[in-house]
Amino acid sequence: MNGLIDTHNRRINYLRISITDRCNLRCQYCMPKEGVSLFGHGEILSYEEILRVAALAVKRGIDKIRITGGEPLVRKDVVSLVRKLSGLAGVRDLSMTTNALLLGEFAAALSRAGLRRINVSMDSLDPEKYRRITRGGDLKKVWEGIDAARRSGISPIKINVVAIAGFNDGEIEAFARLTLKDPFQVRFIEFMPIGESSEWKPEQCIPASSIRERLEEIAPLLPLSDPDNGRGGPARLFKFPGAAGEIGLISPVSEHFCGSCNRLRLTADGRLKTCLFSAELTDLKPLLRSGAGDEELAAKLDEALLSKPAHHGPIGGVMKRCHLPMVKIGG
Ligand code: SAM
């Protein structure tokens with residue numbers, strides 16, 4: 001089959017699967033202090049159910065899968081899921097987004113199970129600020145996780161930094177300098193207004209263009225690719241001359257990339273979300289649990305695709321439209 005094409009003629013080949021809404025951190029911008037009300041165990045898709053949806057999606061043209069959460073490494077037996085997903089014929093790219101706190105423990109097994117690359121979320125290089133934004137996280141563990149991933153041959157390692165004015169804007173240059181000697185791809189992501197509980201204010205979002213200007217003061221930024229060639233996904237990629245690593249700028253707020261959006265998201269409780277900024281969800285669980293056949297499930301997938309908007313509306317209305325917090329979507 002030659003791919004899932006949506007009603008706006010975009011080829012949808014990327015499925016992001018949230019496997020849990022549990023997280024071992026409480027990042028201030030991602031969830032409220034007291035956490036969020038969690039899905040019950042019976043509400044979360046089993047690995048068999050996730051694999052069934054993934055296999056069907058792959059048959060229909062998905063060839064890129066990301067495992068996310070919550071924190072994916074807190075779900076029991078995550079390595080076995082990775083092994084099975086990487087074994088699906090047709091999956092050419094399997095990755096994971098993680099806070100890396102448990103990566104030291106899991107990196108080698110994940111690599112053996114077929115995980116080739118990883119994105120690590122890290123919003124500060126200062127242990128005390130990291131502890132504050134994550135409400136208790138230990139930055140040392142994150143670095144141990146990254147080191148373990150490198151030793152296990154997981155590559156590239158991308159470091160995701162949500163750039164938040166008044167919090168980590170003083171660290172942008174230091175994050176970028178990490179790429180001078182290490183082969184990381186450091187990606188600056190604009191802070192997005194997601195979920196009812198988000199405390200997003202427009203002035204907290206640092207536009208990618210101003211990050212670029214600041215980085216150009218360190219050294220010229222050599223452009224590596226355009227956003228449509230697929231290598232960096234929505235990131236515009238750059239490199240300092242002679243640097244070991246790369247820098248990515250991701251601008252969902254100041255300059256959306258809806259025209260080339262190739263994504264579908266599956267929440268941990270089995271709902272398909274076709275646009276990060278839309279409230280529209282298509283629930284697959286009733287079908288999965290009522291003995292529906294693959295044809296019926298595939299028809300539901302097509303139905304979900306119909307709801308993928310050409311682009312999201314004005315960013316200001318997003319918080320009202322999209323009530324799921326990011327921890328329940330997966331980023
Ligand atoms: N626990 C994993 C982790 O920390 O990477 C995966 C889930 S987390 C929800 C996925 C990503 O979403 C993280 O990189 C996080 O920084 C990002 N994120 C959460 N809320 C965001 C927001 N409002 N704007 C931009 N990125 C956000």
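Please read these numbers as outputs of a predicted model, since none were measured by experiment. Just so you know, ligand 1 is whichever comes first in the structure, and atom 1 is the first atom listed for that ligand.
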Checklist entry - Would you say Lys285 has more than 12 foreign heavy atoms packed within less than 6.0 Å of its NZ? => result yes
Item to check | Atoms of ligand 1, numbered as shown, that sit under 4.0 Å from any heavy atom of Asn99 | outcome: 2 (C), 3 (C), 4 (O), 5 (O)
Item to check | Enumerated ligand 1 atoms positioned under 4.0 Å from heavy atoms of Gly69 | outcome: 7 (C)
Item to check | N-O pairing of Arg177 and Asp182 below 4.0 Å | outcome: no
Next on the checklist: Only heavy atoms of Gly330, strictly under 4.0 Å: list the atoms of ligand 1 that pass.
Outcome noted: 10 (C)
Next on the checklist: If you take the nearest heavy atom of each of Cys23, Gly70, Cys30, Cys27, which one is closest to atom 6 (C) of ligand 1?
Outcome noted: Gly70
Checklist outcome for this item: A student checking ligand 1 against Glu190 at a 4.0 Å heavy-atom cut-off should list atoms 25 (C)
Next on the checklist: Pairs of nitrogen or oxygen atoms closer than 3.5 Å, one from Thr68 and one from ligand 1: do any exist?
Outcome noted: no
Checklist entry - Backbone, side chain, both or neither: what part of Thr98 comes under 4.0 angstrom of ligand 1, heavy atoms only? => result backbone
Checklist entry - Parallel, tilted or perpendicular for His256 and His312, by the 30°/60° rule? => result perpendicular
Checklist entry - If we ignore angles and hydrogens, is there a donor and acceptor under 3.5 Å between the side chains of Ser124 and Glu171? => result yes
Checklist entry - Taking Glu190 for the side chain and Val253 for the main chain, is one N or O donor matched with an acceptor at less than 3.5 Å? => result yes
Checklist entry - Only one of Arg263, Arg66, Lys64 clears side chain to side chain donor-acceptor pair (under 3.5 Å) with Tyr14; which? => result Arg66
Checklist entry - When only distance counts, is Asp123 in polar contact with ligand 1, meaning an N/O pair under 3.5 Å? => result no
